[in-house]
Every structure is written in C-alpha cells, then in structure tokens.
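The structure displayed is predicted, hence computed values, not measured ones.
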Amino acid sequence: MRKTPVSTRRAPRLRASLVAVAIAAISGATLTGSPASAAAPTTDTTQFKGVNWADPRDNFADDELQLSGLSTSDTYAQTYTKATRIISAFRANLGANTVRLPINPYTVNGSYWKSYRGVIDAATAQGFKVIVSYWEGTGDRKDGFIDDEATYWPMWNTVVKAYKHNSRVYFEPMNEPHGYTDTQWADIAAKWLDTYKSVPRNRVFVSGAGYNDHVTTVCADPRLKGTYLSLHHYGFWKSYATYDEWVADLKVRIGDCANRTVADEFGAPMTTGLNYNVKTPDDNYINFIQAVTDTFRELKMGSVYWPGLRTDDIYSVQKLVGPANRPWLETTNQSGADRLAWAWGRGKPDSAFRVPGGGRCVPVAPPPASTAAVRTWPTRALPAPS
C-alpha cells in the first residue's frame, strides 16, 4: 500500500498477484450471510456519497499525514482555507457529501493536530460527513495490527473529545485490520465501543474483518449492534471476472448486512482512458466498476470511492489544479464520475464521455511510469468467496 512507481500496464497484474493469498485461510463459512436486522442503525446507508482524500503515500506513514494539496507547515487557517476549496470541488465536480480522512498518532498526538483539524472543521462546516479512520505505519508496522496501543488510545481520546458532539463526524477504529482473526478484531471493536460509550453507535464504522473485505462476521456480533460496517472491494482482487461474477463476489461479502454497510473503499484506474459507461465484457475493470456501482444502487448502500484525491495515483478521480494556496480540482475520468453518481442514486450513465456543452472527450493517455502510483499489498491473500 506504499506509493510505488509502476507502469499502468503492470499495475493491475501486480495488485492482483500481491493480493492473491491473505485471507484464503478464511473459510467460506466466514463469508456466510447473517441477519442484519438485529444490529441495523438505519434502513439503508445511501446518505453516504463520498470519496477518500489521501496522503500521496497511501496514508501509511511513520510521521504526520500530509493530505494531497496540503502541507504539514500550514497553519490551521491555511489548512482550513485549502480544505474548504477542495471539499467544495468534491461537491461541485462529483456531487459528494462525505469525505474519509486518515489519522495516526503522529498526526493527532503532536503539534500538527491543531492544523489538521482544519480539514475536518472545513468539511463539516460545509455540511459534509467526515469519516476519520486510523491507519497503521510502514515497514514492519504495516502488518494489520495496531502499531502501539500506548499511542493508539490517547489518539482516539483526543479525537473523540474534539468531535463527539459534532454529529457530522464518524469514527472508524482501524483501517483494514488484517493481522487479526475475525474474533480478535471483533473484540477490539467491542473494546473501542465500550471505551467511548459517549459516542453514539450510529456514528461508528466497524471495519469488516481482514482487509475490510467481508462484513458478515462483525455484522453477526451482538456486541457491535447499532454500528455501521465498512467494506472494501477492488477490481485487482481478480485478474478477470465477468460482470455477473463481480456482482456475486460483492454480495457474498455483504451477506444480509447491506442496510448497515458502506463501501468506504473501492476503485479502479481513472487516468488510463477507460470508458466506464460502455459495456466492455472483456475488460475486468469496466466489468468491476459497472457491477459494484449497480449493486450499491440496488442495495441502497452508501459508497466512498478510493481515492477522490491522491497525488500521482492512477485511481484518483480528481486531480489538483491551480496555485498551491488556492487549489481546485478537475475530474480525471468523466465516465468514472458518472458511475459514482449512478451508485449514489442519481442520473443515468451515458454511453460516451461528456464535456460541458456536449461533445466527447478524448480519452486520457496513461501517465508516465514514474508518476503512476498505486496501492501495493502484502503477500497475503484476500478471500475468494465460495
């Protein structure tokens, strides 16, 4: 998951191969559906229509997080001003109302927290929902475990104290807790809820087990009743699947828990010229995006695309433009933006790229290899549902 320069031609294969083994140990029974009604905070999750805003390093860091377009040297006022413009662009360009942001102890427990709060405050001031999620570090620390509980809990003490009374802020105890068994992870999530009883449960996102790749076990745990569930789903988990196979793959990971689940990461290449509005059965990524966005709409699930903005990421649906102190965003792939709108319950996907005033866009050429950053994964496996 580190920023790694690779060619766009190799990236899908690399991602698929690295993911092929991690949760193979999880049995088909683990992914079996379970009744969600006993633990549902709502009838659906369509209120979450969002994007991730990420550090160019993919949010895994052993120092302060620096979101794309921001600087750790920015004051609170500078951060607030820049974040206001970027959040406004997410709304103007995509129709988003939610942003997912990373946190870590370096960012929260030190002096930078005062400035970083400008991002959260700017987003909520514009009516955005904000999901704050803990990300682990790099190197040996990038193992799916909480890095250091001695800094983890003080971090959450600070964040919860600052935002427990702000109804637009949601808390995700950990991103992709793949180091733990399903039971161990549920125990940690239950401990988080018990520790922060003042936080309403319908403002907590409990990550699915593994790489957030299935929510059925956390859904079935009565201790986690009333929380939202966070699912991740990616096209590079398979070298190829048909549209129908992607629909089936997604649904088995959700089970009967769609009314609690938000897909707060999913994505595919956006800067390589793919047209996600046209059925192209021989293209794995087009099959994937069409299948998942149709399914999110069908199941009335909220979704948060990865990433809305991450510098030099071929999956990023937005890119920075303008001067550093007055950033704005442009859409990298209008057909990808169309599919997000479709997932969020709006519009009808077009059969061609659109530009203001009509017409067709020329597909974007792949970026040079030196700028094509993608997420890379540990050599463990993601589950293949039975």
Verdict with supporting geometry, Leu329 and Leu309, side-chain contact (heavy atoms from CB on, under 4.5 Å): CA-CA 9 Å; Leu329 304 178; Leu309 178 63; 3.8 Å; yes
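- Within the 3.5 Å criterion, the main-chain N or O of Ser73 finds a donor-acceptor partner in the side chain of Ser71.
- Here Tyr228 and Phe48 bring their ring centres to under 6.0 angstrom of each other.
- Relative to the six-membered ring of Tyr243, Lys279 meets both conditions, a distance below 6.0 Å and an angle of at most 45° to the axis.
- With hydrogens and angles ignored, the 3.5 Å screen pairs no side-chain donor or acceptor of Thr331 with any backbone N or O of Gln334.
- In this structure, the ring of Phe288 has its center less than 6.0 angstrom from the ring center of His233.
- Val159 is listed as a side-chain neighbour of Ile103, based on a closest heavy-atom distance under 4.5 Å.
- One finds a salt bridge joining Glu149 and Lys191 here, because a Lys/Arg side-chain nitrogen approaches an Asp/Glu carboxylate oxygen to under 4.0 Å.
- In this structure, the ring of His232 has its center no less than 6.0 angstrom from the ring center of Trp306.
- Between Val130 and Leu101 there is a side-chain heavy-atom pair separated by less than 4.5 Å.
- By the 6.0 Å contact criterion, CG on Asp140 is open, its count of non-hydrogen atoms from other residues, nucleotides or ligands being 12 or less.
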Stepwise side-chain contact (heavy atoms from CB on, under 4.5 Å) test for Asp283 and Leu274: CA-CA 9 Å; Asp283 191 286; Leu274 292 177; 3.6 Å; yes
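- Here the side chains of Trp53 and Ile86 are in contact, with some heavy-atom distance below 4.5 Å.
- In this view, Lys82 and Asp74 satisfy the salt bridge (Lys or Arg N to Asp or Glu O under 4.0 Å) rule, not counting sequence neighbours.
- Checked against the 6.0 Å centroid threshold, Phe171 and Phe205 do not count as a close aromatic pair.
- Using a 3.5 Å distance cut-off with no hydrogens or angles, the side chains of Ser207 and Glu176 do not pair a donor with an acceptor.
- Side-chain atoms of Asn52 come within 3.5 Å of backbone N or O of Asp264 as a donor-acceptor pair.
- In this structure, Tyr196 and Trp192 have tilted ring planes: the angle between them lies in the 30° to 60° band.
- Checked for salt-bridge contact, Asp187 and Arg223 meet the test: a charged N lies under 4.0 Å from a carboxylate O.
- Side chains of Gln318 and Thr332: no donor on one and acceptor on the other come within 3.5 Å.
- Checked by atom type, the side-chain pair Thr242/Asn287 shows no donor-acceptor distance below 3.5 Å.
- Classification of Asp62 and Lys142 as a salt-bridged pair fails, no side-chain N sitting under 4.0 Å from a carboxylate O.
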Would Arg339 and Asp294 count as a salt bridge (charged side-chain N to carboxylate O under 4.0 Å, His left out) if you check the C-alpha gap in whole Å, the side-chain angles of each, and the deciding distance to 0.1 Å? CA-CA 8 Å; Arg339 292 307 305 190; Asp294 284 351; 2.6 Å; yes
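- Separation of the Phe266 and Tyr234 ring centroids does not fall under the 6.0 Å cut-off.
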Under the criterion salt bridge (charged side-chain N to carboxylate O under 4.0 Å, His left out), I'd like the reasoning laid out for Lys238 against Asp249: C-alpha separation, chi angles, the key distance, then a yes or no. CA-CA 10 Å; Lys238 297 178 185 291; Asp249 182 274; 3.5 Å; yes
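- Cation-pi geometry between Arg117 and Tyr80 is not met: the NZ or CZ atom fails to fall both under 6.0 Å from the ring centre and inside 45° of the normal.
- Atom-to-atom distance recorded for Leu65:CG and Arg57:CZ is 6.5 Å, nearest 0.5 angstrom.
- Contact check on Glu172 versus Arg100 returns a salt bridge, with a Lys/Arg side-chain nitrogen under 4.0 Å from an Asp/Glu carboxylate oxygen.
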Applying side-chain contact (heavy atoms from CB on, under 4.5 Å), run through Glu330 and Lys319 and close with a yes or a no. CA-CA 5 Å; Glu330 288 183 354; Lys319 66 177 181 179; 3.4 Å; yes
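- Distance alone, capped at 3.5 Å, places no donor-acceptor pair between the Arg203 side chain and the Arg168 backbone.
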